[in-house]
Amino acid sequence: MKRLGTVSRTAQHLLVVRCDGADHPGIGAEAVDESLSRIGRVVDVFGPVERPYVAVTPAEGVRAASLVGERLYAR
C-alpha cells in the first residue's frame, strides 16, 4: 500500500486528490482509505510534475463530499 494524497475537493462527481510528491500511482490504481475500504479508481493525473493531482472516480455507495480532507492510499 502506498500513500496517494489528501482529498482536496470534489468536482463533477470526482474526488480531486493532491499527491504527496512526484511519485503517484498510475491510471486504474485502486484508491482506499486507511481502513482499506475501497474508495474508487484513479482516472486521471494532472497538474505540476513535482506534486500532481489525481482524479478518483468514487466507488458505488461512497459519499465523495464526506471525504474532503481525508488521506487516501493506492493499492
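All values reported here derive from a predicted model rather than from experimental measurement.
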Determine all donor-acceptor pairs shorter than 3.5 Å in which one atom belongs to a side chain in residues 42-66; sequence neighbours excluded.
| unit_1 | atom_1 | unit_2 | atom_2 | d |
| --- | --- | --- | --- | --- |
| R51 | NE | C19 | O | 2.9 |
| Y53 | OH | R18 | NH1 | 2.6 |
| S66 | OG | R63 | O | 2.7 |

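- Linking ILVMFWY side-chain heavy atoms closer than 4.5 Å, directly or via other members, places I27 and V32 in two distinct hydrophobic clusters.
- Nearest heavy atom pair, residue V68 against residue S8, reads CG1-O, 3.7 Å.
- Distance CZ/R75 to CG/L36: 5.5 Å, rounded to 0.5 Å.
- When all heavy atoms are compared, the tightest approach of Y73 to M1 is CB-CG, 3.7 Å.
- A salt bridge is absent between R38 and D33; no separation between the charged side-chain nitrogens and carboxylate oxygens falls under 4.0 Å.
- How far CD1 of I39 is from CD of E30: 9.5 Å, rounded to the nearest 0.5 Å.
- Rounding to the nearest 0.5 angstrom, the gap separating the CG atom in L15 from the OG1 atom in T6 is 12.0 Å.
- Taking a 6.0 Å sphere around CZ of R71, one finds it holds more than 12 heavy atoms contributed by other residues, nucleotides or ligands.
- Considering all non-hydrogen atoms of both residues, A11 and V16 come closest at CB-CG2, 4.2 Å.
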